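See below for the structure under consideration.
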Amino acid sequence: MAAVELEWIPETLYNTAISAVVDNYIRSRRDIRSLPENIQFDVYYKVRPISSIGPCCRSRAAPPSTSTSRPVALESGSAAVAAFRYPTTLHPRVCLRICVPGGSCASATGHPLRGPTLYQQGRLCQLGSEFCELEVFAKVLRALDKRHLLHHCFQALMDHGVKVASVLAYSFSRRCSYIAESDAAVKEKAIQVGFVLGGFLSDAGWYSDAEKVFLSCLQLCTLHDEMLHWFRAVECCVRLLHVRNGNCKYHLGEETFKLAQTYMDKLSKHGQQANRAALYGELCALLFAKSHYDEAYKWCVEAMKEITSGLPVKVVVDVLRQASKACVVKREFKKAEQLIKHAVYLARDHFGSKHPKYSDTLLDYGFYLLNVDNICQSVAIYQAALDIRQSVFGGKNIHVATAHEDLAYSSYVHQYSSGKFDNALFHAERAIGIITHILPEDHLLLASSKRVKALILEEIAIDCHNKETEQRLLQEAHDLHLSSLQLAKKAFGEFNVQTAKHYGNLGRLYQSMRKFKEAEEMHIKAIQIKEQLLGQEDYEVALSVGHLASLYNYDMNQYENAEKLYLRSIAIGKKLFGEGYSGLEYDYRGLIKLYNSTGNYEKVFEYHNVLSNWNRLRDRQYSVTDALEDVNSSPQSTEEVVQSFLMSQNVEGPSC
């Protein structure tokens with residue numbers, strides 16, 4: 001995000017007092033830690049920048065050596081969290097930059113806080129020195145109304161090179177190992193701290209560090225074979241499953257789900273029940289990511305059955321989101337619409353329009369709109385989600401990257417007929433740049449982003465009038481597609497929808513590269529896999545069938561085969577999306593070209609009329625509806641939405 005310069009306006013006594021403390025930060029450092037968490041956060045947030053950056057900026061925080069660190073005991077009844085005291089050499093003089101989403105923050109008294117040049121170089125590593133101490137950061141986490149500002153500060157530290165997420169996770173893990181022999185009450189306090197810390201790291205997108213925290217919590221849970229710790233273990237498994245899903249560790253995620261079930265069974269044998277909504281929702285997300293759509297749908301039904309009035313809103317929202325996505329891929333669009341619109345409404349009403357959870361629902365709303373062919377509105381929704389994530393996180397954050405990718409693909413689809421792909425390419429490259437900065441080069445998250453960029457480059461190459469540039473772009477697209485295919489095969493194997501999509505994309509690219517036999521081979525392979533996994537009349541099958549028809553029609557002169565494939569693709573598209581489906585245009589134009597080539601001018605005239613009628617339908621479709629205005633209210637309560645969904649089910653869910 002661009003830097004925002006703010007003017008310091010000491011309009012209140014509180015702001016003046018904060019400034020005085022900040023001006024004497026070094027001398028007041030120990031006293032600051034005794035302040036209430038909201039005031040302590042305001043001080044950290046307002047630490048004023050220094051005029052220059054010293055050599056400290058090249059120093060990076062790292063976990064302390066085991067020989068110099070020692071745990072500090074947690075006093076009975078104290079709200080403070082036990083922490084590790086690092087040696088003074090761990091965090092030398094390092095500059096501090098503070099980031100401000102939206103330009104200002106609220107003080108502990110509710111007054112706006114404004115400070116000078118907060119994005120400019122300052123004492124970031126002094127802030128890092130504070131935040132890398134578990135005791136300090138755990139206390140700051142209790143200032144819940146400052147969470148969006150804390151996310152931005154945290155991201156600024158990570159961007160600066162202060163590996164605060166890793167340091168905190170390491171510190172917590174060490175703390176847990178030290179208290180392994182302590183009594184149950186001490187462990188319970190540590191588990192609660194871990195849930196808050198791991199939850200923050202998870203929300204911020206630092207999944208590997210959050211995983212380390214939750215694994216430490218789970219280890220503590222296993223030390224006592226008691227009912228309370230079984231409940232804690234279930235909660236821990238749910239959180240662990242979430243971060244493993246986010247980090248594409250699906251095999252470990254499946255093991256985590258099985259472990260959660262064993263604790264559920266223990267509780268059931270003792271007449272106790274833990275709510276399973278969040279657990280089943282996360283399993284649905286895992287199965288969806290692996291393209292096991294039938295199983296994902298079944299488990300989303302089970303998750304919906306577990307929604308009760310006492311559940312946290314966050315859990316309800318997440319279950320509704322996952323259930324909606326499962327309905328979309330099963331082409332149950334009416335159900336998907338009801339679920340995702342209510343999720344968006346709930347998130348906005350409960351968390352506010354600038355909260356990351358609201359942006360989560362918007363991304364899934366955009367996914368729904370894109371799949372029901374409301375492409376223009378999906379672009380607007382994805383842009384709104386990206387704006388929120390940038391304002392909350394900024395910097396090189398994985399949540400920002402995924403929003404860029406979603407916007408890139410929707411923009412690519414939206415501008416496909418116009419050939420104007422600059423905006424789509426910008427967002428695709430931003431997504432790849434962020435992901436490669438944060439994650440290893442072979443991380444599965446790169447497969448999707450590379451695929452999107454490759455699709456865009458192919459279209460740019462086709463429209464390019466310079467042969468050398470065209471070949472260079474096509475080769476780059478080829479390399480990206482091959483890389484994506486290898487990542488997908490490594491993660492999911494050959495027989496998977498994601499792998500099939502990559503084969504289909506390679507088929508299109510080979511056609512553009514005039515490698516027609518290779519293109520035919522890729523398309524046939526994609527169709528075979530999709531048909532076996534999704535059935536004969538799925539949208540994904542129609543796409544691949546249409547692409548093979550195009551190859552036969554335009555480049556291989558197999559007109560009879562092309563005609564059959566076009567008609568099949570049209571039939572599937574009409575059945576799923578109606579007469580105004582956008583994808584029909586390319587099939588209609590293909591048939592017009594085909595009948596011209598074969599001299600069947602009666603059919604040419606017929607499909608010119610069909611195409612004209614389609615254009616009139618498109619002009620009327622989605623011309624007025626504002627997707628965001630459409631979710632400002634909900635005609636039904638959550639209970640009514642859940643009951644409506646469950647009553648529509650005729651399929652019995654899996655046994656639990």
Side-chain angles (χ1 to χ4, degrees), residues 244-254 284-297 325-326 328-331 367 370-371 402 405-406 408-409 412-413 428 431-432 435 439-458 476-513 515 517-548 550-551 569 572:
R244 284 175 165 170
N245 281 344
N247 208 17
C248 304
K249 294 184 176 181
Y250 303 126
H251 177 69
L252 290 176
E254 290 169 345
C284 175
L286 186 155
L287 294 167
F288 180 91
K290 295 183 69 175
S291 303
H292 297 172
Y293 296 142
D294 289 340
E295 286 297 304
Y297 185 82
K325 290 168 68 176
V328 165
V329 293
K330 294 295 292 180
R331 309 306 168 194
F367 176 76
L370 189 64
N371 276 272
T402 55
E405 181 193 319
D406 287 340
Y409 183 72
Y412 157 77
V413 175
I432 293 173
I435 295 172
L439 299 173
E441 292 183 356
D442 62 346
H443 199 283
L444 182 60
L445 280 178
L446 278 168
S448 182
S449 296
K450 287 183 175 181
R451 175 186 72 93
V452 173
K453 183 179 178 181
L455 293 172
I456 297 167
L457 289 179
E458 180 185 350
E476 184 179 354
H478 181 258
D479 294 342
L480 289 168
H481 276 318
L482 281 182
S483 176
S484 297
L485 175 62
Q486 293 307 314
L487 289 171
K489 289 176 72 173
K490 180 180 177 181
F492 305 122
E494 177 83 2
F495 195 64
N496 184 273
V497 173
Q498 297 304 316
T499 305
K501 286 182 180 181
H502 293 304
Y503 281 132
N505 291 331
L506 273 171
R508 292 184 58 196
L509 180 65
Y510 285 138
Q511 183 179 358
S512 298
M513 299 174 78
K515 297 180 179 181
K517 281 298 180 184
E518 292 91 334
E520 181 182 29
E521 180 185 345
M522 291 297 104
H523 285 315
I524 290 174
K525 189 175 290 190
I527 292 170
Q528 289 173 342
I529 295 173
K530 289 180 179 180
E531 283 181 337
Q532 291 183 60
L533 291 173
L534 303 174
Q536 297 282 326
E537 297 187 337
D538 188 79
Y539 162 73
E540 284 291 339
V541 174
L543 282 179
S544 292
V545 165
H547 292 151
L548 182 57
S550 174
L551 174 68
S569 177
I572 297 172

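Values in this document were obtained by computation on a predicted structure and should not be read as measured data.
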Please check if the side chain of [X] supplies one atom and the backbone of [Y] the other of a donor-acceptor pair under 3.5 Å.
X    : Y    : result
H443 : L439 : no
T499 : F495 : no
N496 : F492 : no

Between [X] and [Y], is any pair of side-chain heavy atoms under 4.5 Å apart?
X    : Y    : result
Y409 : L370 : yes
L455 : H481 : yes
F367 : V328 : yes
V329 : Y539 : no
I435 : S449 : yes

My understanding is that only residues two or more places apart in sequence, or in another chain, count here; which of them pass salt bridge (Lys or Arg N to Asp or Glu O under 4.0 Å) with [X]?
X    : value
K489 : E494
D294 : K330
E476 : K453
R451 : none

Start with the C-alpha distance between D538 and I572, add both sets of side-chain angles, then the distance that settles side chain to side chain contact (heavy atoms under 4.5 Å, CB included), and finish with yes or no. CA-CA 7 Å; D538 188 79; I572 297 172; over 6 Å; no

At their closest point, which heavy atom of [X] faces which heavy atom of [Y], and how far apart are they?
X    : Y    : value
V452 : A408 : CG1-CB, 3.9 Å
F288 : A296 : N-CB, 3.8 Å
Y250 : N245 : CE2-O, 3.7 Å
Q511 : L551 : NE2-CA, 3.5 Å
L509 : H478 : CD2-CA, 3.2 Å
A326 : C284 : CB-SG, 4.2 Å

Is the NZ or CZ atom of K515 both under 6.0 Å from the centre of the six-membered ring of Y510 and within 45° of that ring's axis? no

State the [atom1]-[atom2] distance between [X] and [Y], to the nearest 0.5 angstrom.
X    : Y    : atom1 : atom2 : result
S484 : Q486 : OG    : CD    : 10.0 Å
E441 : L446 : CD    : CG    : 8.5 Å
L445 : C248 : CG    : SG    : 4.0 Å
N505 : L543 : CG    : CG    : 9.5 Å
L482 : K450 : CG    : NZ    : 10.5 Å
K501 : S448 : NZ    : OG    : 8.0 Å

Identify all side-chain donor-acceptor contacts of residues 523-530 below 3.5 Å with residues at least two apart in sequence or on another chain.
residue	atom	partner	partner atom	Å
K530	NZ	E540	O	3.2
K530	NZ	E540	OE1	2.9
K530	NZ	S544	OG	2.9

Decide yes or no on side chain to side chain contact (heavy atoms under 4.5 Å, CB included) for Y293 and V497, but give the supporting numbers first. CA-CA 10 Å; Y293 296 142; V497 173; 4.3 Å; yes

Can you tell which of E295, Q498, E254 makes a side-chain hydrogen bond (donor to acceptor under 3.5 Å, both in side chains) with K290? E254

Please list all pairs meeting salt bridge (Lys or Arg N to Asp or Glu O under 4.0 Å) that have one or both residues in residues 502-512, counting only residues at least two apart or in different chains. E459-R508

Apply side chain to side chain contact (heavy atoms under 4.5 Å, CB included) to the pair V545 and L548, showing each step before the final yes or no. CA-CA 5 Å; V545 165; L548 182 57; 5.9 Å; no

